[in-house]
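Here the structure is laid out as structure tokens; the discussion comes afterwards.
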2 protein chains.
Amino acid sequence: MPSVATGCVPGYLTPAITRTPARPPRTADADDGRPHGRPAAAKVVEVSARPARATDADEKVDRQARILDAALRLLSLHGISGVSMRAVAREAGVSLGLVNYHYEDKASLIRAALHRIEEQDIALVEPDPALEPEERLRVALKRVADPEFLTTEYLSLRLQLWALAQAHEDFERINTEAQKRYRAGLAALIRAARPDLPPDECSRRAADIDVIQNGLWLTALLGLDHASISRNIARCEEIALAG
Amino acid sequence: MPSVATGCVPGYLTPAITRTPARPPRTADADDGRPHGRPAAAKVVEVSARPARATDADEKVDRQARILDAALRLLSLHGISGVSMRAVAREAGVSLGLVNYHYEDKASLIRAALHRIEEQDIALVEPDPALEPEERLRVALKRVADPEFLTTEYLSLRLQLWALAQAHEDFERINTEAQKRYRAGLAALIRAARPDLPPDECSRRAADIDVIQNGLWLTALLGLDHASISRNIARCEEIALAG
DNA sequence: CCACCTATTGAACGATCGTTCAGTCACTCC
DNA sequence: GGAGTGACTGAACGATCGTTCAATAGGTGG
């Protein structure tokens, strides 16, 4: 008998997304027509269009959404290293196989997560048209300081997804696209509030505000007093509404 | 014989840092006195105090530094998922065992990486005292736009380390401490340039500048034109030197 | 009742992970 | 020359990873 134990005891520090080094053949590149499980669902996965049949049995149904929620929670809490298919399954209270059934890939799961916060970002900058333009812009700018968005969980999630996007070409596209859409929405809000401004000046202001907002939520992760947050939001309003 | 291949082909997407769930006994909690290898080196690891004997054989020596460099490179490029002990060893051109010999833990390796960029941050804000105070501050503020620091590799590295700090309590302390030191240094520069300002106003300005700078490098990862960068740096100078 | 389809499970596979450890090499001091 | 020491190697271990797959349960339409 040799001697002491030599096994590894990995924690939240073990690799978690690799680029696939040449897929196995899988006959063709078509996505459908598999032997038994996983139907066309993989195609609809990321828009989450579920049948209108609402949850009658409290919260046992809609496992696909629960899986995505679990992944987001784990990602925010422990980073990508804490997101294994098994951990997601455990957190969501489903079996391991079901995660791969609904998402096929770990990469698709992460993609779905990215799209989720992309939706939130866009919603942030396209609010109700009931308000007048200037007030609409002001509300949008204040929204980033909303207690709903300034929680550690949400900010950390954004950070993790951003880091993931940097490391993965696939995710980077999604992230860049989302950022571009957000900035365009912001510029449109500014143009509506200050119609006599040249369009590229609006874009410039949107870019400057974007920088400050990004800095705001990143710095907020280390703890930022409310006064600092208010000052920076005021600065954003100044930039947007100047002239 | 069953059927098709079922192995997994992990890419840069597989977990990479876990919290250790109860260490094996290891006799006592002392760090020295191990049976054969790994001497007191583990204690000096993170300050990198190597004997003055400079590299005579071009670049074959100082493997410990090469290992750290390799880890930083991989982290920046592929995120924590791309940093396995084996990948680091391969990138550094050393054997697997040597990585653990010099760093004992994967966590120590990451810690060393965090301390490395902490040093760079502090150096950024404590420059030569040859200049007069105001110019010293201006130089420090401009430095963040230095082509040396605004490379994708460096920015991505910062992002990855920040994300790691969020996920790992151990690393978070290091990161928070570094940020605090940086902001204090910035406040000191401002106080020197504007001696009649109350100290807490200096701290406020330092905090505001910190937000913008953080936003600057984060946004720069998605591509930011030079004009935007200049505008934001000018804004930092305004904030710092106002009044 | 049977056929069909979808949602779900858990075992299994091969790969890779972090860590340990018995060595080897080069060098110094006695 | 031999003992000692520090740097270094690579095989091995146990754990965990992502993915596949046969099997099952539930529901619907014939």
Side-chain angles (χ1 to χ4, degrees), chain A residues 1-18 20-21 23-24 26 34-41 50-51 53 60-64 66-67 80-89 92-110, chain B residues 1-18 20-21 23-24 26 34-41 50-51 60-64 66-67 80-90 92-110:
Chain A
M1 229 164 293
S3 46
V4 306
T6 61
C8 71
V9 191
Y12 295 119
L13 248 187
T14 339
I17 274 222
T18 334
T20 40
R23 280 280 197 129
R26 205 192 239 272
R34 287 173 220 70
H36 61 295
R38 192 178 313 123
R50 47 184 185 271
R53 196 167 68 83
K60 303 267 281 290
V61 287
D62 206 355
R63 325 270 269 230
Q64 175 163 348
R66 292 228 324 227
I67 290 173
I80 186 59
S81 313
V83 183
S84 69
M85 300 301 263
R86 282 170 179 81
V88 169
V94 302
S95 74
L96 169 62
L98 194 62
V99 181
N100 264 311
Y101 174 75
H102 279 304
Y103 285 97
E104 180 179 31
D105 235 20
K106 183 169 181 179
S108 336
L109 183 55
I110 306 290
Chain B
M1 230 165 293
S3 45
V4 305
T6 60
C8 74
V9 191
Y12 295 118
L13 247 187
T14 341
I17 274 224
T18 335
T20 42
R23 280 278 197 132
R26 205 192 239 273
R34 289 174 217 69
H36 62 294
R38 193 179 314 121
R50 45 184 185 272
K60 303 268 281 291
V61 287
D62 206 354
R63 325 268 269 229
Q64 175 162 348
R66 292 226 326 227
I67 291 174
I80 185 61
S81 313
V83 183
S84 68
M85 301 301 262
R86 282 170 180 81
V88 169
R90 200 180 317 122
V94 302
S95 74
L96 168 63
L98 193 62
V99 181
N100 264 311
Y101 174 75
H102 279 305
Y103 286 97
E104 178 180 33
D105 235 19
K106 183 169 181 180
S108 335
L109 183 54
I110 306 290

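Throughout, protein chains are lettered first and strands after them, A, B, ... in sequence-line order, and every chain is numbered starting at 1.
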Between atom CZ in B:Arg63 and atom P in D:dC8, what is the gap in whole Å? 5 Å

Could you tell me which non-hydrogen atom of A:Ala87 sits nearest to which non-hydrogen atom of A:Gly82, and how far apart they are? CB-O, 3.7 Å

At their closest point, which heavy atom of A:Val83 faces which heavy atom of A:Lys106, and how far apart are they? O-NZ, 2.6 Å

How long is the straight-line distance from CD1 of B:Ile80 back to CD1 of A:Ile80, given to the nearest 0.5 Å? 11.0 Å

Between D:dC13, D:dC8, D:dT19, which one does the side chain of A:Arg86 approach most closely? D:dT19

Closest to the A:Asn100 side chain, choosing from C:dA7, C:dT19, D:dT20: D:dT20

Does A:Gly97 or A:Ala87 map to a spot on DNA chain D nearer the 5' end, using the closest nucleotide for each? A:Ala87

Just to be sure I understand the rule, does A:Val83 reach a base, reach only the sugar-phosphate, or reach nothing, if contact means heavy atoms closer than 4.0 Å? sugar-phosphate

Just how far, in rounded Å, is C1' of D:dT20 from CD of A:Glu104? 12 Å

Which nucleotide in C:dT19, D:dT19, C:dT8 has an atom nearest any side-chain atom of A:Tyr101: C:dT8

Between B:Arg90 (CZ) and D:dG10 (P), how many Å, whole number? 13 Å

Looking at D:dG10, I'd like to know if its phosphate oxygens (OP1 or OP2) sit under 4.0 Å from a side-chain N or O belonging to B:Ser95. no

Do you know which two heavy atoms are closest between B:Ser95 and B:Ala89, and how far apart they sit? O-CB, 3.6 Å

Compare the minimum distances between each of D:dT19, D:dC8, C:dG18 and the side chain of A:Lys106, then state the nucleotide with the smallest one. D:dT19

C:dT8 P sits how many Å from A:Tyr103 OH, rounded? 12 Å

A:Met85 has a side chain; which of D:dT9, C:dT19, D:dT19 sits nearest to it? D:dT19

Using the side chain to side chain contact (heavy atoms under 4.5 Å, CB included) definition, which of the options B:Asp105, B:Leu98, B:Val99 pairs with B:Met85? B:Val99

Value in whole Å for how far the P atom of C:dA22 lies from CG of B:Leu96: 16 Å

For B:His102 and D:dC8, is the shortest distance between a side-chain N/O and OP1 or OP2 below 4.0 Å? yes

Find the distance B:Ile67:CD1 to D:dA7:C1' and express it as a whole number of Å. 11 Å

Give the rounded distance in Å between these two atoms: CG of A:Leu98 and P of D:dT24. 18 Å

Whole-Å distance between D:dC8 P and B:Asp62 CG? 9 Å

